[in-house]
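One structure is given here, and the rest of the page talks about it.
Within every chain, numbering begins at 1; the chains are lettered A, B, ... in the order of the sequence lines, protein sequences first and strands thereafter.
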Protein chains: 2
Amino acid sequence: MAGIKDVAKAAGVSVSTVSYVLSGKRSISNKTADRVLDAVNRLNYIPDASARKMRGHLSHVIAIAPGRREVRHSSLSAYFMQTALRAKAGGYDVLLLTGEDPVDDILRVAQSNLADGVVLLDVEENDLRAARAAEYGKPCVCIGFPKDHDDCACVDVDFACMGRLAADRLRDLGHERVVLLRSVEHLSEPMSGYLNLFRDSFIAAAEDRQMVVMESELTEYRNFDANAFVSKYLIPKNGATAIVNQADPSVLNTVLGVLSVSGMDVPQYVSVLSCGTLLDSYPMSKGISEMPITPAVQCSRAMSLLLGAIEEHHDIRGEVDLSVPTFIDRGSLSRAREAQKGGCG
Amino acid sequence: MAGIKDVAKAAGVSVSTVSYVLSGKRSISNKTADRVLDAVNRLNYIPDASARKMRGHLSHVIAIAPGRREVRHSSLSAYFMQTALRAKAGGYDVLLLTGEDPVDDILRVAQSNLADGVVLLDVEENDLRAARAAEYGKPCVCIGFPKDHDDCACVDVDFACMGRLAADRLRDLGHERVVLLRSVEHLSEPMSGYLNLFRDSFIAAAEDRQMVVMESELTEYRNFDANAFVSKYLIPKNGATAIVNQADPSVLNTVLGVLSVSGMDVPQYVSVLSCGTLLDSYPMSKGISEMPITPAVQCSRAMSLLLGAIEEHHDIRGEVDLSVPTFIDRGSLSRAREAQKGGCG
DNA sequence: CATCTGCATCGAAACGTTTCGACAACACGG
DNA sequence: CCGTGTTGTCGAAACGTTTCGATGCAGATG
């Protein structure tokens, strides 16, 4: 509750002197500075945030707008936390936007100067928030890759590249028949482009390499039948020797449970590679090698771009930053078993 | 970028008239009001947030402080979103705090008037953030139940009550032998009181009712062996007829997988009741009846308390609001099977 | 000694609002 | 026609900072 005036009075100096001591923008004698700092500590003075940014100053807040309000994927909080962490490292706080109409919310906080910049999460292929970025009057970064991104920067993993890398890796291990385990997420989020981006590029690359790709059926979560999946794609003579997982960790976990019970060991009998997932925050029944999404990387890059735009006035509109996928070996990949009479059942 | 002065000029009135039209705090003739509103729309005027709260006004921001930065439980984002939703409904935005030192962060945003109030998430039994609430100078609500809560309000599910209700429900269905499936979360979060609160009250209530409670071993996630669990607690002659799950959904899912493969049907062979979890945002292989945590309820109550404190100056320090647990029937409970030669293996 | 330079400090303006007090215009009852 | 009240509007103060320009003073330079 103490203001700068109280500090000034207590230290016996003028208000401006206090301000200069605190900001270091003009030289102040040590003697005076010490008296001022003393008073600051004694009175527990913290400058008022609003008053501070009254002279054309930054609010040091960035707004973060998750997309759909139905949050089923737990990775969302990873993005929240990573964004907040990076923001804090740059001296910014993070404002969470969750209104009915996301665009309205963004407009409000951006135009009222409550926030200096905007990060969009859960960006869909046709994303209204991204399309209207020009109206915000503040720099804007998408984590994701919307079609219309003329007025914002985009940061994402290069999922097309991931598809090719996955195909390469499996082919190099001799896998010729692969099954793609897809999440039911597709049903509820048809627009979330990255899953399709990966899938298409993986299938194209695999076929280039003479591999056979099967795709699991898309069903409701609750109806997913791991037994049926295993019976259909892994047990037959010409079943797959590798699973590429694009599904929710728990779906994969169920499959692993069935494999384990049936004595179809990973990776001896079947290799598993999970792509575009985030398993390390997730208790799997078995270590699964992975080309994960990387919230830390994307958030960090997003924040660099954003802070550059805010503080150095870089124009980041239209910029696209795709990062090369990483691979984490958790031992679930090995050479394809020899073509044999297939299965154990 | 247009300011109130521009609007005033465009409408041909004084600055104060514009302000009164917008706030409705004094009567203004319709004619003038229309002209002003016209100008506001034409210029796309949005008042500057900082300037607005310069005269002793509220910032209409509440700060939300998650506890541990390692976020493995996905329910965190449910709390984020629910808090933000409720806050927005009351006209508040939400600021996400994630600094190294949570107390510092809270002090900073509270004392600088950046936020009008504070919500603490992931509150532990001995929570420093709660203990120091007096210093914030703003009202503070915990979601959780710390020991030292003299200076903040607490909102939580009544986990002791949940333990009793769970015991009652199982006993009424004739279950006399129950196994408690505990999460490994305990290992990493020894202080997170609610799991123990439930456990202790459940065990006490169950023993009161002449039930036998077994407890699964606590191991690392990756080492959790669902087969061993099933063999040890469910297959033997005197095995449990019901599982009370307190563990991570994916651990439970693994168990369900083993049960399903082994032909031990739920609920015919074994009943399952999950407590203190949040399965509906989580794709389980099978519907599991549940006494869930209820982020929406807690966040809503927390926000009511907080807004009451902020806007009506209620003193909410020391207040405790425990909500009665809810039960969701998803069909995984049935009468205990008759004592028989036990198991299928 | 007269200037100049640089340092330390101060007073006041500025930021964009809200709100208080004033006042003119008008209506109404006496 | 005078008080009294109401309505609509305005000017200016206030909020708590930052920062510009000015000033006083000490020491260096001519």
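- Screening residues 54-66 of chain B for salt bridge (charged side-chain N to carboxylate O under 4.0 Å, His left out), with sequence neighbours left out, gives no hits.
- Residues that satisfy the ring-ring contact (aromatic ring centres under 6.0 Å, His included) test with B:Y136, not counting sequence neighbours, are absent from this structure.
- Of all nucleotides in DNA chain D, those with any atom nearer than 4.0 Å to a heavy atom of chain A start and finish, going 5' to 3', at D:dG16 to D:dA22.
- The list of salt bridge (charged side-chain N to carboxylate O under 4.0 Å, His left out) pairs with a residue in residues 295-316 of chain B, not counting sequence neighbours, reads B:R301-B:D321, B:D315-B:R317.
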Footprint string (nucleotides 23-28 of chain C, 5' to 3'): B base within contact, S backbone only, - free, heavy atoms under 4.0 Å: ------

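- Of the residues in residues 21-30 of chain B, those with a non-hydrogen atom less than 4.0 angstrom from any atom of DNA chain D are B:R26, B:S27, B:I28, B:S29.
- Residue pairs meeting the ring-ring contact (aromatic ring centres under 6.0 Å, His included) criterion with at least one partner in residues 89-113 of chain B, sequence neighbours excluded, are B:H60-B:Y92.
- Comparing the helix axis at one end of the helix from C:dC1-D:dG30 to C:dG30-D:dC1 with that at the other, each defined from 5 consecutive pairs, gives an inter-axis angle of 60° (nearest 10°).
- Legend: salt bridge (charged side-chain N to carboxylate O under 4.0 Å, His left out) pairs involving residues 103-118 of chain B, not counting sequence neighbours, sorted by first then second residue: A:K88-B:D105, A:D93-B:R108, B:D105-B:R108.
- Distance, A:Y20 OH to C:dG6 P: 18 Å, rounded to whole Å.
- A heavy-atom distance below 4.0 Å to DNA chain D is reached by none of the residues of residues 37-51 of chain B.
- Annotation: proximity of residues 4-11 of chain A to DNA chain D (heavy atom, distance under 4.0 Å) is found for A:I4, numbered in ascending order.
- The salt bridge (charged side-chain N to carboxylate O under 4.0 Å, His left out) contacts involving residues 13-38 of chain B comprise B:D38-B:R42, where partners must be two or more places apart or lie in separate chains.
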